[in-house]
Colleague: 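Sharing a structure below in structure tokens format, with a few things to ask.
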Amino acid sequence: MKKVLFIFGIFTSAIFFAQKSENYYQISYNSICCGPPSEKPVRDYIQKFQGKNKSKTVEIYKQTGLGREGEFKLFVGLDALSKSNKRKFISGLEAAINAQNTAKGGSDGTVDFMGTSMVSKGALSALPNTTLNKTVITKQKIK
């Protein structure tokens, strides 16, 4: 009986202390002929931002199956960040995405991001093929 209560306590505390983002920024990865671009520059930026600002983890959902060539969307939850950190994050993310679109590293696809539009948690849960892709946690020091 103690084990059951212990396990129940672990699950309820995990749900209670989990990040509860209610609004998500949408990043779309589109393809023109040869598949969508890599999501690595965006993930690298998120990890660097977290390391420099010692911010909380960022919740990322991924929606797949949007086209024949593997198009997908990322939804980034930033509700745990302060207003000033959100502004810094969004401006840096826009710069990283613009640099990626300019570089075109082997793909003709584009990455689209609008820092002013958000998707609510309810709308996100209604989308098909959407899963919690990864909660980015930075453990190493970033210089």
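As the structure is a prediction and not an experimental result, all values here were calculated from the model. Atom set for the values below is all heavy atoms of this structure, side chains included, hydrogens, waters and symmetry mates excluded.
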Colleague: What's the shortest heavy-atom distance between M114 and Y25, and which atoms?
Modeller: O-CD2, 4.4 Å
Colleague: Given side chain to side chain contact (heavy atoms under 4.5 Å, CB included), test K62 with F75 step by step and report yes or no.
Modeller: CA-CA 6 Å; K62 185 173 186 177; F75 298 93; over 6 Å; no
Colleague: Would you compute the distance between atom OG of S117 and atom CD of Q26 and round it to the nearest 0.5 angstrom?
Modeller: 6.5 Å
Colleague: Please examine the side chains of F113 and I90, heavy atoms only from C-beta on, and report whether any two atoms are closer than 4.5 Å.
Modeller: yes
Colleague: If you take all heavy atoms of T130 and L124, which pair is closest and at what distance?
Modeller: CG2-CD1, 3.8 Å
Colleague: Locate the shortest heavy-atom distance separating I27 from V111; write the atom from each residue and the value.
Modeller: CG2-CG1, 3.5 Å
Colleague: Rounded to the nearest 0.5 Å, what separation is found between the CG atom of L66 and the CD atom of E71?
Modeller: 7.5 Å
Colleague: Where is the tightest heavy-atom contact between G70 and P36, given as atom of each residue plus distance?
Modeller: O-CG, 3.3 Å
Colleague: Please step through side chain to side chain contact (heavy atoms under 4.5 Å, CB included) for the pair F49 and K88, ending with a clear verdict.
Modeller: CA-CA 9 Å; F49 181 85; K88 287 180 194 175; 4.0 Å; yes
Colleague: Any heavy-atom pair between the side chains of Y29 and K73 that's under 4.5 Å?
Modeller: no
Colleague: How many angstroms lie between atom CZ of F89 and atom CD1 of I46, to the nearest 0.5 angstrom?
Modeller: 4.5 Å
Colleague: Give the minimum heavy-atom separation between Q100 and S38, together with the two atoms involved.
Modeller: NE2-O, 2.6 Å
Colleague: Can the ring centres of Y24 and Y61 be said to be less than 6.0 Å apart?
Modeller: yes
Colleague: Report the distance from atom OG of S125 to atom CG of L127, rounding to the nearest 0.5 Å.
Modeller: 8.0 Å
Colleague: NZ of K86 to CG of D79: how many Å apart, nearest 0.5 Å?
Modeller: 5.0 Å
Colleague: Is there a chain of hydrophobic side chains (I, L, V, M, F, W, Y, each step under 4.5 Å between heavy atoms) that links Y45 to L78?
Modeller: yes
Colleague: What's the separation between atom CG in L74 and atom CD1 in I60, rounded to the nearest 0.5 Å?
Modeller: 6.5 Å
Colleague: Could you go step by step and tell me if L93 and V42 meet the side chain to side chain contact (heavy atoms under 4.5 Å, CB included) rule?
Modeller: CA-CA 7 Å; L93 183 61; V42 170; 3.8 Å; yes
Colleague: Between N85 (side chain) and L81 (backbone), is there a donor-acceptor pair under 3.5 Å?
Modeller: no
Colleague: Which atom names give the shortest non-hydrogen contact between E69 and I32, and what distance separates them?
Modeller: OE1-C, 4.0 Å
Colleague: Under 4.5 Å between any side-chain heavy atoms of Q63 and P128, yes or no?
Modeller: yes
